[in-house]
2 protein chains.
Amino acid sequence: MFQLKNPQTIARTSLHHELVNRMQTLIINAELEPGAKVPEKLLCDQFGVSRTPLREALKVLASEGLVRLEPNRGAWVTRVTIEEVEEVFPVLGALEALSGELACKNITDAEIDAIRDLHARMLKSYEDSDLDEYFSINQKIHRAILVAAGNGTLTSSCEALSLRMQRARYLANMTQGRWYDAVQEHEQILAFLIARDGPNLALTLMGHMNSKKLSIVKWLKLEGDTKYGEASDVIV
Amino acid sequence: MFQLKNPQTIARTSLHHELVNRMQTLIINAELEPGAKVPEKLLCDQFGVSRTPLREALKVLASEGLVRLEPNRGAWVTRVTIEEVEEVFPVLGALEALSGELACKNITDAEIDAIRDLHARMLKSYEDSDLDEYFSINQKIHRAILVAAGNGTLTSSCEALSLRMQRARYLANMTQGRWYDAVQEHEQILAFLIARDGPNLALTLMGHMNSKKLSIVKWLKLEGDTKYGEASDVIV
DNA sequence: TGACTTAATTATGAATTCAAAATTAAGTTG
DNA sequence: CAACTTAATTTTGAATTCATAATTAAGTCA
């Protein structure tokens, strides 16, 4: 059953905003599972808040696509569907491409050095086959490029979509082959960034997003095929 | 003072969602003015609802950037700033470019005919100097291209950003010269769409967004310069 | 009078309450 | 005992209440 990892009560500053963040984390970490009902009462107890701010947060999460509100039936964690993945990644591709273009125009040497460090650490985690660490650093690199691009609107648009795709993180594993390719793509990304080659960085980032899409869709299709065998586990 | 145009009470289905829509309309129509405080109590009375669903809607509007929540000071309609315009339009450009690419791949002849009709009506409104009608049809054309692109995520991302920029509608007028240019750009857009020339449509849409940006920024800068003269009107 | 302090009022954020809907449990009948 | 009906329980959505913060108004004194 669902159990909160950090049950401490929330500080009372901008309560609903804090709750949005907390529940985002619960969802992308699959502590609240896809398709599951959001346990309103339990969460209120865990967070030590009343239903009012929690429900405010749920409306925001619904507008972000992380939960679905069913009339008189409460909030449900949305499932990552193939259709959604095929919609979101092209958009993310266009946005990341723009972030690459802008980053090449605006990035400082210090920022490049920081990304170079992150990249090295990511390679290390690849060699160690530490997938959690890899994902975490990978995220940080994309975020660092966004920050270097210097467009806050772009950053939040990307992150909103990225969050939705992170729900697939605990569904779709990477194959060894895909992992290797992803690392190669990141080598290119770093190289074009250092060269401040905007157009090529944009193309590479767009391709990178497309590869991610194909990889996740492939996994979801496989999972869909085997699903009936474990249906009892999933439904009950 | 603020006065609701359609004061009828709201039907009780998905109340907060309906309130989000209503308040979006109030904001983009400048019935709730930029920089103004959102009159919670008044709106509750006008809409015939309690504060709970209204405040839920305000959290969603805040996440969309249409209002800003100040701790213990309530919700305030955000102002369209030059910085924001300079951030949002490049993102919109990238998204509309993608919508052009996808539309050229997926659009049907019937959809093209419908857009051709809209285009003709838009030309008519230009000749009549009917700016409201022009804006309205303009919107519809961009939306039709998005629909033809067949990517719901892209559509909602675009529309969220587009909403924010529509707040400038009642601030920034178009000059005759800019209006003429915009019409020319739309001629190109239609031509590339009919030719199903994705890359060129993408480029044109991106350029179109850039022109819009320059036009609005120019206006806002002008307005900023003259602002002190009418400061008393604005502040009081 | 005008700057400052203090009291009354109002608005805000969140908890609580309440009616209606959905779900579950308990009967009931063939 | 399985299918159906009805009653009890729980959950949901929204209104109301309540403590606290912010604002306004009233009073104070140089």
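Lettering follows sequence order; numbering is per chain, from 1.
Between dA14(C), dG13(D), dA22(D), one nucleotide has an atom nearer to the side chain of R51(A) than all others, and that is dG13(D). Across dA14(C), dA21(C), dA21(D), the shortest atom-to-atom separation from the side chain of L15(A) is found for dA14(C). Considering only the side chain of P53(A), dA14(C) comes nearest among dT16(D), dA11(C), dA14(C). Between dG13(D), dG13(C), dA14(D), one nucleotide has an atom nearer to the side chain of R55(B) than all others, and that is dG13(C).
OP1 or OP2 of dT10(C) has not a single side-chain nitrogen or oxygen of K41(B) nearer than 4.0 Å. Between dT23(D) and R73(B), a contact under 4.0 Å exists linking OP1 or OP2 to a side-chain N or O.
Between W179(B) and Y134(B), the two ring planes are perpendicular [angle over 60°; tilted spans 30° to 60°].
Between K59(B) and W76(A), the residue anchored nearer the 5' end of DNA chain C, judged by the nucleotide with its closest heavy atom, is K59(B).
Counting only heavy atoms from C-beta outward, the side chains of L32(B) and V67(B) never approach each other to under 4.5 Å.
Regarding H17(A), its NE2 atom lies at a distance of 13 Å from the P atom of dA14(C), rounded to whole Å. What separates CG of L54(A) from C1' of dT11(D) is a distance of 14 Å, to the nearest Å. Between E70(A) atom CD and dA22(C) atom C1' there is a gap of 12 Å when expressed in whole angstrom units. Look at CD on E18(B): it is 16 Å from C1' on dA14(D), rounded to the nearest Å. Between the CG atom of L43(B) and the C1' atom of dA11(C) there is a distance of 14 Å, rounded to whole Å. L42(A) places its CG atom 11 Å from the P atom of dT11(D), with the value rounded to the nearest Å. N72(B) places its CG atom 11 Å from the C1' atom of dA14(C), with the value rounded to the nearest Å. Distance H16(A) NE2 to dA15(C) C1': 17 Å, rounded to the nearest Å.
Remark: D130(A) does not engage R121(A) in a salt bridge, criterion side-chain N to carboxylate O under 4.0 Å.
Not a single donor-acceptor pair, N or O on each side, falls under 3.5 Å between the base of dA14(D) and the side chain of S50(B).
Heavy atoms of other residues, nucleotides or ligands lying less than 6.0 angstrom from CZ of R143(B) number 12 at most.
Results of the side chain to side chain donor-acceptor pair (under 3.5 Å) test with E64(B) over K59(B), Q24(B), R164(B) single out Q24(B) as the only residue that passes.
Counting any heavy atom pair closer than 4.0 Å across all strands shown, E56(A) reaches no nucleic acid atom.
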